[in-house]
Amino acid sequence: MNAPITRTLLIAMALTTFSATPAQTDQHQDPQREERLAWWQEAKFGMFIHWGLYALPAGEWKGQSYSGIGEWIMYKARIPLAEYEQLATQFNPVKFDAEAWAQLAQDAGMKYLVITSKHHDGFAMFGSQTDAFNIVDATPFKRDPMKELAAACAKRNIKFGFYYSQAQDWHAPGGAIWQGPHEDAPAWENPRWDVRQEGDFDTYFNEKAIPQVRELLSNYGPVAIIWFDTPLNVVNVERAARLVKVVRELQPNCLINGRLGGENQSDYDSEGDNAIPDLSRAGAWETPATLNDTWGFKKNDHHWKKPEDLTFKLVDIVSKGGNYLLNVGPDGEGVIPLPGCDMLRVVGRWLKVNGEAIYGAGRSPFGGEFGVFSKSKTDRHGKPLFEARRTWRCTTKPGKLYLHLFTWPTGKFELTGVKGAVTTAYLLADPQRTPLQVTQTGEKVSITLPEKAPDTIASVVAVEFQNQESQEK
Ligand code: JFZ
């Protein structure tokens, strides 16, 4: 389809919300897919990084503060391209330290890292021969932080990946622009706010997006994930297939996330931002999430989540079968805000003790622990309201259950619906793995617990079975 993005198509875009319903991956489409996914399904926990020119305005423009996610400031303030380009001349993040960033990911227990190589603003955070609007050619910094970060991750066996905005590009002629509404910004009659944005989408796609994806997959060593975003319907099956072809040709093992566009060509599904399904979900899926309320740095967003909340979300997601991709937004000097670093290190310390129950773990065989649908209350769609419970979660490995107790019971933990004969149970925090007292009657198991929980956030009881088969439902 070579037609330019006409008004009708833009209006059509406006009617489509970002695909909050992830592209359903055809589980049996590609025999190599399971092989490609193996490391990712073991890894469970990754670092997302949103870093770009938007870290300089940091949520404010010409004295006005803008609500919502910081990386959309160009869109929200409808900044003319010539003014936005000036940010590049001021971008000199001399405090950027790839080793420190990769070490933070390692300290947090994160096994992969995905960083914005080009977000919707069109600015390339890598040395691109395709477009001079990039960090090497257009800034006083002149270094390629993607090269430095890829090397620092490789030293620590952290898988390295790129986020790339394949459809939206607010700087390139013909780049797609979300018609809106977006957060509190209304839908625009004409989403383009600068005449320089006029152009044909295929020209942008063929002359910028495809060549830059080729650069990313050719110049930075092994790329474990290419994380596409907001396909906006313009990335149809044909265009998506062209991107898949480039990825498979240059880096056959590289995973493609669920926001490519063009159904059934991704390797795994991406949930909506900060969206965690109420119940367990089969297949390979990931929740991308923020530490505060923005992806890109905002100087006034101090709404940090708590480490205990982050740990619960990690366990909750893994117990439902997913991966957790948790974001940091470095500032304009290249520094990751300290509150975020501190919280990630708390999660990392918890994983040092309890990682066995997360890395490579499967979904809960139960389900009642997630919560119940209300018999009387309805949600905003008129459906029965899901009332979540946070007392405990369960992850699994062959012949094992891991009971993550967020609320420490008095005396005993009772469990029903248990399949198989329990042989022993112990606290993961106990290096001696001293057997706890267990009684079992058929599918009912009762475990006597010490008075004090070994961990203030969550304590994990491992339960082993005679039968080494998977305990996953
Ligand atoms: C997109 C970007 O627009 C945003 O800036 C950030 O990079 C985020 C990770 O991804 O925002 C989205 C995309 C999809 C959904 C929601 C927000 N969705 O499917 O609900």
Side-chain angles (χ1 to χ4, degrees), residues 13-25 46-55 57-59 66-77 79 84 112-125 161-171 175-185 187-188 191 209 225-235 256-263 266 268-278 281 285-298 301 313 317 322-330 380-381:
M13 282 187 230
L15 299 177
T16 59
T17 55
F18 292 154
S19 56
T21 315
Q24 292 309 314
T25 304
M47 178 180 274
F48 212 175
I49 303 178
H50 277 67
W51 193 37
L53 292 183
Y54 40 77
Y66 286 82
S67 63
I69 48 184
E71 66 282 6
W72 278 65
I73 186 94
M74 183 183 176
Y75 177 95
K76 288 264 183 75
I79 302 171
Y84 195 79
Y112 61 106
L113 183 151
V114 178
I115 184 166
T116 48
S117 63
K118 183 212 66 148
H119 205 267
H120 309 329
D121 64 354
F123 183 73
M125 288 294 285
F162 289 118
Y163 167 112
Y164 188 84
S165 177
Q166 75 280 22
Q168 288 206 79
D169 192 308
W170 306 330
H171 184 269
I177 303 177
W178 173 243
Q179 174 127 18
H182 175 79
E183 294 174 331
D184 51 7
W188 308 115
I225 299 178
I226 187 94
W227 212 92
F228 293 116
D229 197 15
T230 65
L232 297 196
N233 282 1
V234 282
V235 180
I256 299 173
N257 79 318
R259 295 185 186 170
L260 164 67
E263 298 298 306
S266 301
Y268 67 85
D269 293 339
S270 301
E271 283 283 345
D273 288 9
N274 289 293
I276 301 174
D278 291 331
R281 244 198 83 174
W285 59 272
E286 177 187 69
T287 290
T290 53
L291 280 175
N292 47 11
D293 292 332
T294 178
W295 303 92
F297 176 71
K298 283 183 81 175
D301 183 335
K313 284 179 164 65
I317 288 166
N323 277 34
Y324 191 29
L325 183 64
L326 186 53
N327 182 75
V328 294
R380 60 196 168 98
H381 304 296

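Counting starts at 1 for both ligands and their atoms, following the listed order. Bear in mind that the values here come from a model prediction, so they are computed numbers and not experimental data.
When each atom of ligand 1 is checked for a heavy atom of His120 under 4.0 Å away, the hits are 2 (C), 3 (O). In the vicinity of Trp72, heavy-atom distances shorter than 4.0 Å reach the ligand 1 atoms 2 (C), 3 (O), 4 (C), 5 (O).
When Ile69, Thr294, Asp229, Asn327 are ranked by how near their heavy atoms come to atom 10 (O) of ligand 1, first place goes to Asp229. Considering each of Asp273, Thr116, Leu232, the one bringing a non-hydrogen atom nearest atom 8 (C) of ligand 1 is Asp273. Of the listed options Glu183, Gln168, Glu71, Glu71 places a heavy atom closest to atom 5 (O) of ligand 1.
You'll find the ring centres of Tyr75 and Trp178 outside the 6.0 Å limit.
One N or O on the side chain of Gln166 and one on the backbone of Leu260 form a donor-acceptor pair closer than 3.5 Å.
Close N/O approach between Thr230 and ligand 1 is not found [any backbone or side-chain N/O within under 3.5 Å]. Annotation: His119 places an N or O atom under 3.5 Å from an N or O atom of ligand 1; distance criterion only. By the 3.5 Å distance cut-off applied to N or O atoms, Trp295 is not counted among the residues near ligand 1.
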Test log, rule ring pair (Phe, Tyr, Trp, His ring centres under 6.0 Å), inputs Trp72 and Trp295: CA-CA 10 Å; Trp72 278 65; Trp295 303 92; over 10 Å; no

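By the side-chain contact (heavy atoms from CB on, under 4.5 Å) test, Asp293 pairs with Asp301, His303, sequence neighbours left out. A search for side chain to side chain donor-acceptor pair (under 3.5 Å) contacts involving Tyr84 returns Asp121, not counting sequence neighbours.
Ring geometry for Phe48 against Tyr163 counts as tilted: the plane angle lies between 30° and 60°, on a 0 to 90° scale.
Within the 4.0 Å heavy-atom cutoff, Tyr163 counts among the residues contacting ligand 1. The closest approach between a heavy atom of His50 and any atom of ligand 1 is below 4.0 Å.
At a cut-off of 3.5 Å, with distance as the only test, no side-chain donor of Ser165 or His119 sits close to an acceptor on the other residue.
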